[in-house]
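As the structure is a computational prediction, the values presented were derived from the model and not from experiment.
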Amino acid sequence: MSSYKILGVYYDNGEFSSVELHESDNIERANSWVVGYLYGAGNYGGYDSINVVAANGFTKSEYNRDFGWSHY
């Protein structure tokens, strides 16, 4: 079973840090959670982006404050 971590990401002076916000068992649920979070949190919860990361460490989707959705 695959899992996907949803991370809130901060960018500061070329460095980034992240906070795990949620975990989901499939990509569709993970992306849906991000949409609900963005609408409920306002101001992106203070993060620069919200990333959905697969168990292998690769980012599968990202909602960026400046560019919107990207899917990889």
* **From Y4 atom OH to F58 atom CZ, the distance as rounded to the nearest 0.5 Å** => 13.0 Å
* Check whether more than 12 heavy atoms from other residues, nucleotides or ligands sit under 6.0 Å from atom CG of N13, and answer yes or no. => no
* Is the shortest heavy-atom distance from the side chain of I6 to the side chain of N51 under 4.5 Å? -> no
* **Validation row, ring centre F16 to ring centre Y10 under 6.0 Å** => no
* To do: Starting at OG of S32, measure out to OH of Y37 and round the result to the nearest 0.5 Å.
  => 15.0 Å
* Structure fact -> Those residues at least two apart in sequence (or on a different chain) that pass side chain to side chain donor-acceptor pair (under 3.5 Å) with S24 are none
* To do: Using a strict 4.0 Å threshold on nitrogen-to-oxygen distance, state whether E23 and K5 make a salt bridge.
  => no
* Determine whether D48 and V9 make a side-chain contact, defined as any pair of heavy atoms from C-beta on separated by less than 4.5 Å. => no
* W33 vs L21 side-chain heavy atoms within contact, under 4.5 Å -> yes
* State, yes or no, whether a side-chain contact exists between L7 and I50 at a heavy-atom distance under 4.5 Å. => no
* To do: Check whether more than 12 heavy atoms from other residues, nucleotides or ligands sit under 6.0 Å from atom OH of Y72, and answer yes or no.
  => yes
* To do: Indicate yes or no: at least one non-hydrogen side-chain atom of S49 is less than 4.5 angstrom from one of Y63.
  => no
* Asked: Are V52 and V35 joined in one hydrophobic group, where the rule is that I, L, V, M, F, W and Y side chains link up if heavy atoms are under 4.5 Å apart?
  -> yes
* **Heavy-atom check, side chain of N26 versus side chain of R29, under 4.5 Å** => yes
* **Crowding at CD, E20 (>12 non-hydrogen neighbours, <6.0 Å)** => yes
* Structure fact -> Taken to the nearest 0.5 Å, the spacing of R65 CZ from L38 CG works out to 10.0 Å
* State, yes or no, whether a side-chain contact exists between V34 and W69 at a heavy-atom distance under 4.5 Å. => yes
* To do: Check whether any side-chain heavy atom of D25 lies under 4.5 Å from a side-chain heavy atom of S3, and answer yes or no.
  => no
* **Verdict with reasoning, K60 to N31, per side-chain contact (heavy atoms from CB on, under 4.5 Å)** => CA-CA 10 Å; K60 300 304 287 180; N31 287 338; over 6 Å; no
